[in-house]
Undergrad: 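Can you read through this structure? Questions will come right after.
We count ligands from 1, going down the list as the structure has it; atoms in each ligand are counted the same way.
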Amino acid sequence: MPEEPADVWAMADLALPFAVRVVATLRVADVVRDGPLPLDEIARRCGARPDPLGRVLRFLVHRDMFAEPEVDVFGPNATSDALRSDVPEGPQPWLDLDGAVGRADLAFVELIEQVRGHHPAYTTAFGRSFWEDLAHSPELADSFDSLMETKTHGLAPAVAAAHDWSRYRTIADVGGGKGVLLAEILRTAEEPRGVLAELEGPARHAPEYLRDQGVGKRTEVHTANFFEPLPFRADAVVLCDVLGDWDDADAVRILTRCAEATTADGVVLVVELLPDTGRMSEFTEIDLRMLVYVEGRMRDLERTERIAERAGLTVVDLTPLDSGYSIMECRPQR
Ligand SMILES: C[S@@+](CC[C@H](N)C(=O)[O-])C[C@H]1O[C@@H](n2cnc3c(N)ncnc32)[C@H](O)[C@@H]1O
């Protein structure tokens with residue numbers, strides 16, 4: 001029997017994702033959370049024009065998001081409630097077109113340029129790279145840091161529980177955001193001291209966060225660029241969700257800097273999503289996002305072993321986590 005083809009029109013649709021992202025950006029679901037309101041009032045509260053907003057909302061009503069109990073009166077339903085900004089770990093901040101990731105998604109329009117080998121998609125769309133954009137815009141940088149914080153809150157307890165961190169005296173998290181993972185690790189293992197190395201923005205927010213988490217006195221924070229020599233030595237140097245942001249040549253440079261920062265018997269611990277037969281749709285989607293946002297790439301174990309080798313490291317142990325992430329323990333070839 002021939003396989004039923006998927007609905008290609010539905011696969012290629014742009015109207016629905018853009019309509020959802022427009023209402024996510026305007027936070028319409030928050031505005032109507034307590035019940036239906038006239039369109040003019042919704043538009044006023046969202047800073048939008050009534051006519052185009054009404055057409056977006058009516059289109060969404062016919063896709064089961066929002067209700068229109070009377071003409072030009074729109075109210076919530078279960079799907080619009082899922083788009084409220086107060087849903088814990090909900091989709092709204094990821095879809096907000098003014099946020100770092102919602103904006104980066106707009107670069108998919110230029111994917112064809114990248115595939116034809118002309119220009120990177122993000123730079124074509126916005127005139128500078130993703131990282132340059134964050135460096136120029138505190139709002140985008142704050143949005144990105146807060147999205148990463150949400151993502152890492154989900155991952156950190158499993159990483160902290162899956163490895164014996166008590167065997168180290170010093171644990172450094174390189175590119176560790178404001179320190180969500182490091183704080184979780186230091187709460188699990190009470191002896192080691194922590195080092196956080198980050199760019200200026202996240203590094204600025206880290207001391208207060210680490211203090212609030214009760215590990216401030218055991219942690220030092222360095223403003224550091226992981227393409228340059230790192231200003232500390234540690235027994236364990238952690239890189240969580242960092243290598244996927246970079247192509248192989250840059251990933252080798254980062255790993256080399258991390259290897260140099262280890263103490264005599266130290267290790268580099270790479271925490272990354274690995275491909276897994278049950279999760280290939282998620283893995284390939286993140287790989288494509290890395291290509292479009294930052295010209296990065298997701299890697300399987302073999303490719304990670306190859307770049308580690310080029311940085312003078314050998315992957316000696318692998319701890320898979322339920323989430324599809326793994327902790328890859330790498331030892332410098334001294
Ligand atoms: C995808 S985020 C992961 C953050 C954190 N490890 C986590 O899992 O939540 C990548 C991090 O790399 C940092 N980063 C990017 N370029 C960097 C550089 N040149 N030196 C140091 N950190 C950098 C970013 O600021 C960002 O926090």
Undergrad: Does the distance from a Lys or Arg side-chain N to an Asp or Glu carboxylate O, for Arg84 and Asp30, drop under 4.0 Å?
TA: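 Salt bridge flag = no for Asp30 with Arg84.
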Undergrad: Would you mind listing each N/O atom of ligand 1 next to any protein N/O under 3.5 Å, plus the distance?
TA:
unit_1   : atom_1 : unit_2 : atom_2 : d
ligand 1 : 6 (N)  : Gly175 : O      : 2.7
ligand 1 : 6 (N)  : Cys240 : O      : 2.7
ligand 1 : 8 (O)  : Lys151 : NZ     : 2.8
ligand 1 : 8 (O)  : Thr152 : OG1    : 3.4
ligand 1 : 8 (O)  : Cys240 : O      : 3.3
ligand 1 : 9 (O)  : Thr152 : OG1    : 2.4
ligand 1 : 19 (N) : Asn225 : OD1    : 2.9
ligand 1 : 20 (N) : Phe226 : N      : 2.9
ligand 1 : 25 (O) : Glu198 : OE1    : 2.9
ligand 1 : 25 (O) : Glu198 : OE2    : 3.3
ligand 1 : 27 (O) : Glu198 : OE2    : 2.5

Undergrad: For the side chain of Glu272 and the backbone of Arg299, is there at least one donor-acceptor N/O pair under 3.5 Å apart?
TA: no
Undergrad: Using ring centroids (six-membered ring only for Trp), state whether Trp131 and Tyr293 fall under 6.0 Å.
TA: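 When the ring centroids of Tyr293 and Trp131 are compared, they turn out to be at least 6.0 Å apart.
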Undergrad: Taking the cut-offs as 6.0 angstrom to the six-membered ring centre and 45 degrees off its axis, would you call Arg257 and Phe227 a cation-pi pair?
TA: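 Negative - Arg257 is either too far from the ring of Phe227 or too far off its axis.
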Undergrad: Return the set of residues passing ring-ring contact (aromatic ring centres under 6.0 Å, His included) with His222 (not counting sequence neighbours), or none when no residue passes.
TA: Phe232
Undergrad: Please determine whether a side-chain nitrogen of the Lys or Arg among Arg303 and Asp300 lies less than 4.0 Å from a carboxylate oxygen of the Asp or Glu.
TA: no
